Number of protein chains: 2
Amino acid sequence: MAATYKDIRRMTGLSLATISKYFNGGNVTYANRVLIEHAARDLGYRVNDFARGLRSRRSMTLGVVLAELNSTFNTTIVSAMEERLREAGYGTIICDSRGSSQAEAESIRFLIGKMVAGIVIVPVGDDVEGLDAAAERGVPVVAIDRTIANGAVDAVVIDNRTAIASACELLAGAGHTKVALLAGPDSTFTMRERRLGFREAVKRHTGKLPARALTQPDTVSIEGGYDGFRRLMQLDAPPTAIVCANYEFTLGATIALNELGPDASAPAIVGFDNLDLARIIRPRPTFVVQPVAQIATRAAEMILQRVHGEATEGPRTVVLDTELVVGDASTYVLARSRS
Amino acid sequence: MAATYKDIRRMTGLSLATISKYFNGGNVTYANRVLIEHAARDLGYRVNDFARGLRSRRSMTLGVVLAELNSTFNTTIVSAMEERLREAGYGTIICDSRGSSQAEAESIRFLIGKMVAGIVIVPVGDDVEGLDAAAERGVPVVAIDRTIANGAVDAVVIDNRTAIASACELLAGAGHTKVALLAGPDSTFTMRERRLGFREAVKRHTGKLPARALTQPDTVSIEGGYDGFRRLMQLDAPPTAIVCANYEFTLGATIALNELGPDASAPAIVGFDNLDLARIIRPRPTFVVQPVAQIATRAAEMILQRVHGEATEGPRTVVLDTELVVGDASTYVLARSRS
DNA sequence: AGCCTGAGGCAAAACGTTTCGCCCTCAAGG
DNA sequence: CCTTGAGGGCGAAACGTTTTGCCTCAGGCT
């Protein structure tokens, strides 16, 4: 059915070895080069990945494993990364763990079976099963967003503590003394770090910013953010400002805030992650913005380096800075009437 | 490095053919079966997909090509589908077209190179390049959400016209005479159909529902919905109700609506697609809900049938019904004071 | 007893590449 | 004029499966 080297050999009179050399960028005389190009075009030739993979034990393919496909952060990451990897000549296989460590392990096995040259992973939890299998076969791994506890691999993360702390500073400076954090369970690295950043900021401003952390973490979802917001506002002394620890919480809290309407007791909200959302809401809210594209690019470059054997030292962790995009003053300055 | 049949042969004394038979579900005596199982476990054997694919010209893998990874609808589809396909023993390779027909064609080529057994696609536009290549190699294709103009393939779509029309009926019954549709450009099948459904409903209620269609379609994005909403409200005679033609528009319009606050002239909004959102907003809005999981399952079953050769007739189109989840009356009944 | 049948097993030939070792040729240096 | 070395090419041997055709053996049938 499909054309093979043999067909090209028949048309050009060259040997399989020479043809292979051509398709792998080796040295071939100009005349032969042209000959092969013509034959390949005429035959509609496409190299057979299976044969190539079988023989050479490598595929020009990288794997991406996402904790949750259904999340803006992850899909943005994967879009940016796929683009960068394509430039480098690699195809990308995307897998969805659906929040399950088991599915995650299965995905890694699947990818190893497909002989991917490397794996980029946004892990579900602190531990990732199947990393040893990857290490065994020499498949490099780069983690994104979270570090991995049970395996030493490269990682690209953001400075979560400073991110949240900077939001707190802004609020403290704007007169707030009762700030709350809307965050998810401590079971994930990011939430732990963000909560830590919050605590540190609180400590630094002791007396001035006696903030209350949300004691019962919510599920990480829009609904969780919505419920969390309402629970906070029902406290005896509700916070005057709320820092959201991720995108879903931001959306949920914003919806709940809007329901309050123009209420003098409505808290200030600092959102997280998604600048698109910030662009839309008026007055402009303040947002902690992750350098998503940069995260993806750095991760892509790290995995490529490992794959190409350009980096052989121990695991590296890249920490990227977030940006605090300050919105309209009215959205975060504590009104005198409220204090 | 990795174990092969030869290693198993060494341990069991059986021939490669018998071992192959075992791994492909053929008849092997109980004693030999046990022998092989033990050897495989001890060796940590995993079948080599490349060798298998090379020899058998098929892979237990299906491809999914998404117009846009960054969309709730698509990611939900892919999650549900992957689960179903995994049950059937297939792995899934996900590709993102990023809204580009060119990237889409490239993805199809990539998948064909990976010898996928079939492709499920959420097309970017009406035409899909590369379908002929798939047809040539006998790779079946199933389209989701949209039909494909330049190729006869199976499709799973929803009844877009009735979906929008039913929303209009509800509004007409609730007293509205000025209803608008917030829809995207006619370049995509879904938007054309939804607009058509809107027009039909308007015609059916002539005199009673002289609705105005948004004449300048917006880009399909949250921002588009936000801007569209505001433009509609700035008309001399703004609509009293707005039907949103997809999720992004719904979100954008909702944000714009919230900005208005509890204004008597605020229009009723019927949302589209995402029940999670509807669950969160209070008072509960009315939503046109797509049976997303069902769409995914049907598509999975159709592609599996084709792959297994159980369906050989011409292309089939499955049309699924949407559901109109009616929200709190206050969100859609035309207040007397407004009429 | 002879025959037929079907199950289970085997050896060997693919599948389409890459790669190893070898050869030829041509040019430059001695 | 001989030597050397490198560039370019070649044949053949992998890579790890599946598949084909053939063989054997046991058991049921006439």
Side-chain angles (χ1 to χ4, degrees), chain A residues 1-37 39-40 43-61 89 91 109-110 112-117 137-138, chain B residues 1-37 39-40 43-61 89 91 109-110 112-117 137-138:
Chain A
M1 190 79 209
T4 75
Y5 279 4
K6 288 184 187 163
D7 299 311
I8 297 185
R9 169 171 67 180
R10 198 172 308 130
M11 291 190 66
T12 61
L14 296 169
S15 77
L16 299 183
T18 305
I19 300 170
S20 170
K21 227 187 229 172
Y22 168 80
F23 280 106
N24 292 287
N27 278 329
V28 179
T29 38
Y30 178 73
N32 289 339
R33 189 179 297 272
V34 171
L35 227 46
I36 296 175
E37 269 163 14
L43 291 164
Y45 175 80
R46 265 191 70 74
V47 41
N48 181 321
D49 281 346
F50 284 160
R52 171 175 284 182
L54 172 60
R55 180 57 232 237
S56 67
R57 313 190 145 291
R58 55 189 149 74
S59 76
M60 288 297 281
T61 307
R109 268 197 295 277
F110 175 72
I112 290 177
K114 289 263 171 289
M115 299 243 186
V116 292
R137 322 229 168 183
Chain B
M1 189 78 207
T4 75
Y5 280 4
K6 287 185 187 160
D7 299 312
I8 298 185
R9 168 171 68 182
R10 198 172 309 129
M11 290 190 68
T12 61
L14 296 169
S15 77
L16 300 182
T18 305
I19 299 168
S20 170
K21 228 187 228 169
Y22 167 81
F23 280 107
N24 291 287
N27 277 328
V28 179
T29 36
Y30 177 75
N32 289 339
R33 186 178 299 271
V34 172
L35 227 45
I36 295 175
E37 269 162 13
L43 292 165
Y45 174 79
R46 266 192 67 75
V47 39
N48 181 319
D49 281 347
F50 284 162
R52 170 175 284 182
L54 173 60
R55 180 57 231 233
S56 67
R57 319 192 140 288
R58 56 191 148 71
S59 76
M60 289 298 280
T61 307
R109 269 197 293 278
F110 175 72
I112 291 177
K114 288 263 172 290
M115 299 243 186
V116 293
R137 322 229 168 184

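Letters go in sequence order (proteins before strands), and every chain restarts at 1. Predicted model only: the values in this text are computed from it and were never measured. Hydrogens, waters and symmetry mates play no part in the numbers below; they use all other heavy atoms, side chains included.
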Problem - Any side-chain heavy-atom pair of Phe23(A) and Ile36(A) under 4.5 Å - result: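 They are in contact (side-chain heavy atoms under 4.5 Å apart), so the answer is yes.
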Counting only side-chain nitrogens and oxygens, does [X] get under 4.0 Å of the OP1 or OP2 atom of [N]?
X        : N       : answer
Asn24(B) : dT18(D) : yes
Thr4(B)  : dG16(D) : no
Tyr5(B)  : dC10(C) : no
Arg9(A)  : dG16(C) : no
Asn27(A) : dG8(D)  : yes
Thr29(A) : dG9(D)  : yes
Asn48(A) : dC15(C) : no

Would you mind reading off the distance between [X] atom [atom1] and [N] atom [atom2], rounded to a whole angstrom?
X         : N       : atom1 : atom2 : value
Leu54(A)  : dA14(C) : CG    : C1'   : 13 Å
Phe50(B)  : dT18(D) : CZ    : C1'   : 17 Å
Met60(A)  : dT17(C) : CE    : P     : 16 Å
Ile19(B)  : dG16(D) : CD1   : C1'   : 12 Å
Met115(A) : dT17(C) : CE    : P     : 17 Å
Asp7(A)   : dG16(C) : CG    : P     : 9 Å
Arg57(A)  : dG16(C) : CZ    : P     : 20 Å
Leu35(B)  : dG8(C)  : CG    : C1'   : 15 Å

Handout entry: Lys/Arg-Asp/Glu bridge criterion (N-O < 4.0 Å) met for Arg10(A), Asp7(A)
Key =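 Here Arg10(A) pairs with Asp7(A) in a salt bridge, since their nearest N and O are under 4.0 Å apart.
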For [X], answer base if it contacts any base atom (sugar-phosphate contacts may also be present), sugar-phosphate if it contacts only those atoms, and nothing otherwise; contact means non-hydrogen atoms under 4.0 Å.
X        : value
Arg58(B) : sugar-phosphate
Tyr45(B) : sugar-phosphate
Ser20(A) : base

Exercise for the section: State whether the distance check finds a donor on one side and an acceptor on the other, under 3.5 Å, for side chain Arg55(B) versus base dT17(D). Expected result: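 Checked by distance alone, the answer is no.
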Handout entry: Polar side-chain contact Lys6(A)-dG16(C) base: donor and acceptor under 3.5 Å
Key =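 No.
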Practice task
Verify the ring-centre separation between Tyr22(B) and Tyr5(B): is it less than 6.0 angstrom?
Solution key: no
Practice task
Using heavy atoms to find the nearest nucleotide of DNA chain C for Ala51(B) and Val28(B) separately, return the residue whose nucleotide is more 5′.
Solution key: Val28(B)
Problem - 5' precedence on DNA chain D between Lys21(A) and Leu16(A) (nearest-nucleotide basis) - result: Lys21(A)
Practice task
Give, for atom OG1 of Thr61(B) and atom CE of Met115(B), the distance between the pair rounded to the nearest 0.5 Å.
Solution key: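 Output value for this atom pair is 11.5 Å.
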Practice task
In sequence, state the C-alpha distance, the side-chain angles, and the governing distance for Arg9(B) and Leu14(B), and then conclude on side chain to side chain contact (heavy atoms under 4.5 Å, CB included).
Solution key: CA-CA 5 Å; Arg9(B) 168 171 68 182; Leu14(B) 296 169; over 6 Å; no
Fill in the blank from the handout: Ranking dA11(C), dG16(C), dT19(C) by distance to the side chain of Ala17(A), first place goes to dT19(C)
Exercise for the section: Begin from the C-alpha positions of Leu54(B) and Asn48(A) and carry the test side chain to side chain contact (heavy atoms under 4.5 Å, CB included) through to its verdict. Expected result: CA-CA 8 Å; Leu54(B) 173 60; Asn48(A) 181 321; 4.2 Å; yes
